[in-house]
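Keep in mind that this is a model prediction, so the values were computed, not measured. Just follow the structure's listing: the first ligand is 1, and inside any ligand the first atom is 1. Residues: numbered from 1 along the sequence shown.
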Amino acid sequence: MKTHTLNDGRELPAIGFGTYPLTGDDGIDAVVSAIEVGYRLLDTAVNYENEHEVGEAIRRSGVPRDELVVCSKLPGRHHGYDDAIASVRGSLERLGLDRLDLHLIHWPNPSQGRYADAWRALVGLQRDGLVASIGVSNFTQTHLHRIIDETGVTPAVNQIELHPHFPQPEMRAANAELGILTESWSPLGKRQAPFSEPPVAAAAEARGVTPGQVILRWQVQLGAVPIPKSATPSRQRENLDVFGFELSDDEMAAITGLGRADGRLFGGDPDTHEEM
Ligand SMILES: NC(=O)c1ccc[n+]([C@@H]2O[C@H](COP(=O)([O-])OP(=O)(O)OC[C@H]3O[C@@H](n4cnc5c(N)ncnc54)[C@H](OP(=O)(O)O)[C@@H]3O)[C@@H](O)[C@H]2O)c1
């Protein structure tokens, strides 16, 4: 698996596995299957209520712990400094792990105004070795500059909504300028995946691959790390198999050109969304 080097020197796989909303026995089976087909980056969150399932899948897979990159996320109700520290300890307990490889602030919840306290807590947890890499999700430039100015510590990752209908050129550029790796959530576009949009369908036809593979290859060539979710083993395998072909500059531009002013999937505006 190709990797990216984060600004803290650690490696992150070029594609990860999204685990929302995989829960219960079926959820464990889906995550075990994902590890078996080759995913090494697993994306969970306190609010997905499946950290236990992800931890159980890791143990059942038999893959050595050090080969996996486990990422979870801090919910809005835990943004206070002490609450954030207790929250990460809770995540570790549910996962059955003694270290998270990456932990993100799930949403900035700016109306609460406590995301900088949460960031200070993550900086301390990284120093103490409970979390290897620290980052954020759904942060705008304003939120990023505030935490960097207040702590001097730049997030390693910013996980944002990113798919062909919402390609986020400004936010990708802002992350890159700060040395922050962009991860893409809902990388296929979730249920509204633009599989039949002409630039996607034509590239798939020309290369003998699926529309999903074209979109994930577009993500990889943008320099972003997509974290597609699939409960279906054949699609899990398909979504990893995007390193054997390349999209041309014209194809890349045409897919990015599918961006729309109303391309956001749901009310996920970081300035107003409250993720409790
Ligand atoms: N940070 C945040 O705020 C945030 C927000 C949303 C999501 N996330 C993370 O991002 C992950 C991925 O996002 P997502 O699950 O919303 O959307 P997604 O990965 O873009 O799409 C998932 C959907 O696409 C289907 N699918 C997957 N591969 C396919 C393929 N090759 N062909 C056709 N259909 C395919 C899946 O169905 P099957 O399962 O039936 O195959 C599922 O319905 C989540 O699991 C979560 O970890 C983070």
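With ligand atoms numbered from 1 in the order given, ligand 1 contributes 38 (P), 39 (O), 41 (O) to contacts under 4.0 Å with heavy atoms of A231. Against a heavy-atom cut-off of under 4.0 Å, H106 is close to the following atoms of ligand 1: 1 (N), 2 (C), 3 (O). Annotation for ligand 1: atoms under 4.0 Å from non-hydrogen atoms of G189 are 20 (O). Distances below 4.0 Å separate heavy atoms of Q159 from the following atoms of ligand 1: 1 (N), 2 (C), 4 (C), 48 (C). Residue contact check: P187 has heavy atoms under 4.0 Å from atoms 12 (C), 13 (O), 18 (P), 19 (O), 20 (O) of ligand 1. Less than 4.0 angstrom separates some heavy atom of P228 from each of these atoms of ligand 1: 19 (O).
Nearest residue to atom 16 (O) of ligand 1 from P211, A193, S186 is S186 (criterion: closest heavy atom). One option in Y48, F195, Y20, W107 has a heavy atom closer to atom 8 (N) of ligand 1 than any other, and that option is Y48.
Atom 28 (N) of ligand 1 has N239 ND2, 2.9 Å as its closest protein atom, hydrogens excluded (heavy atom only). Protein heavy atom in closest approach to atom 12 (C) of ligand 1: I227 O, 3.1 Å. Atom 34 (N) of ligand 1 has its closest protein heavy atom at R235 CZ, 3.4 Å.
Contact annotation: for T44 versus ligand 1, there are no heavy atoms closer than 4.0 Å. With a 4.0 Å heavy-atom cut-off, ligand 1 is reached by the side chain of S137 but not by its N, CA, C or O. When heavy-atom distances to ligand 1 are checked against a 4.0 Å cut-off, N138 comes that close only through its side chain, counted from C-beta outward. Both the backbone and the side chain of K229 come within contact range of ligand 1, each with a heavy atom under 4.0 Å.
In the model, T182 has a side-chain atom that pairs as donor or acceptor with a side-chain atom of N175 under 3.5 Å. S33 and Q236 share a donor-acceptor pair across their side chains, judged by distance under 3.5 Å alone. No side-chain donor from either of Q219 and H163 sits under 3.5 Å from a side-chain acceptor of the other. In this structure, a donor-acceptor pair under 3.5 Å is absent between the side chains of H143 and Q141. For the residue pair W107 and S137, no side-chain donor N or O sits within less than 3.5 Å of a side-chain acceptor on the partner. Inspection of the N138 and Q159 side chains reveals no N or O donor paired with an N or O acceptor under 3.5 Å. Side chains of N50 and T44: a donor on one and an acceptor on the other come within 3.5 Å. If you check the side chains of R172 and N158, you find no donor sitting under 3.5 Å from an acceptor.
Taking CG of L265 as the start and CH2 of W185 as the end, the distance is 6.0 Å to the nearest 0.5 Å.
Remark: ligand 1 and L188 share an N or O pair separated by less than 3.5 Å (distance only, no angle test). Here's the thing with S230: one of its N/O atoms is less than 3.5 angstrom from an N/O atom of ligand 1.
Using a 4.0 Å cutoff on heavy atoms, D43 counts as a contact of ligand 1.
Taking the charged nitrogens against the carboxylate oxygens, E49 and R94 have no contact shorter than 4.0 Å, which rules out a salt bridge.
Checked against the 6.0 Å centroid threshold, H145 and F139 do not count as a close aromatic pair.
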